[in-house]
Amino acid sequence: MDIAVTDAPGRSRFEAREGDRLAGFAEYIRSENLVVYPHTEVDPAFEGRGVGSALARAALDDARARDLAVLATCPFIAGWMGRHPEYADLAYQNRSSVQD
């Protein structure tokens, strides 16, 4: 499998491609200090071939390079982070000091 993952900022997502064929994508919403990953989708023809993992790794490596906290609302990305503790430090932590 020769899957290439690239950032497609105009579509606010990472795209995984095999040649010209879109194998999957991971959408994001980026701000100055945080990136949210709300949805990941893999074409059924590519399921079980590591496309989702390649997308998760690329997205999280990008967040690390940008020094962004990660809020993974996508169940796939959240689960992947849980299985890869080397990315645990990226998880968004609410640090609000507001009290009633």
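Only a predicted model underlies this, so the values are computations on that prediction, with no experimental measurement involved. Values below: every heavy atom of this structure, side chains too, minus hydrogens, waters and symmetry copies.
The two residues His39 and Cys74 come nearest to each other via the heavy atoms N-CB, 3.7 Å. In terms of heavy-atom proximity, Ala23 sits nearest to Ile3 at CB-CD1, 4.1 Å. For the residue pair Ala72 and Met81, the shortest heavy atom distance occurs at CB-SD, 4.1 Å.
Using modelled atom types, one side-chain atom of Tyr37 and one backbone atom of Ala59 make a donor-acceptor pair closer than 3.5 Å. For the pair Arg13 (side chain) and Pro9 (backbone), a donor-acceptor distance under 3.5 Å is absent.
Tyr28 and Phe14 have their aromatic ring centers within a separation under 6.0 angstrom.
For Asp62 and Arg30, the salt-bridge test passes: some basic side-chain N is under 4.0 Å from an acidic carboxylate O. Remark: Asp7 engages Arg66 in a salt bridge, criterion side-chain N to carboxylate O under 4.0 Å.
Dense packing is recorded around CG of Asp89, with more than 12 heavy atoms of other residues, nucleotides or ligands lying under 6.0 Å away.
Residue Leu90 holds its CG atom at 11.0 Å from CG of Leu34, rounded to the nearest 0.5 Å. Separating the CZ atom in Arg49 from the CG atom in Asp43 is a distance of 9.5 Å, to the nearest 0.5 Å. The line from OH of Tyr92 to CG of Asn33 is 10.0 Å long, rounded to the nearest 0.5 Å. Atom CD1 of Ile77 and atom CD of Glu27 lie 11.0 Å apart (nearest 0.5 Å).
Between Val36 and Thr73 there is a side-chain heavy-atom pair separated by less than 4.5 Å. At least one side-chain heavy atom of Leu60 sits under 4.5 Å from a side-chain heavy atom of Val70. Two residues are said to be in side-chain contact when any heavy atoms from C-beta on lie closer than 4.5 Å; Phe25 and Arg11 fail this criterion. Counting only heavy atoms from C-beta outward, the side chains of Val35 and Leu71 never approach each other to under 4.5 Å. By the 4.5 Å heavy-atom criterion applied to side chains, Arg17 and Thr6 are not counted as neighbours. With a 4.5 Å cut-off on side-chain heavy atoms, Glu15 and Val5 do not count as touching. A heavy-atom distance below 4.5 Å is found between the side chains of Leu55 and Thr40. For the pair Val42/Phe76, no side-chain contact is recorded, criterion being any heavy-atom separation below 4.5 Å from C-beta on.
Between Tyr87 and His84, the angle of the ring planes goes over 60°, which puts this pair in the perpendicular group of the 30/60° scheme.
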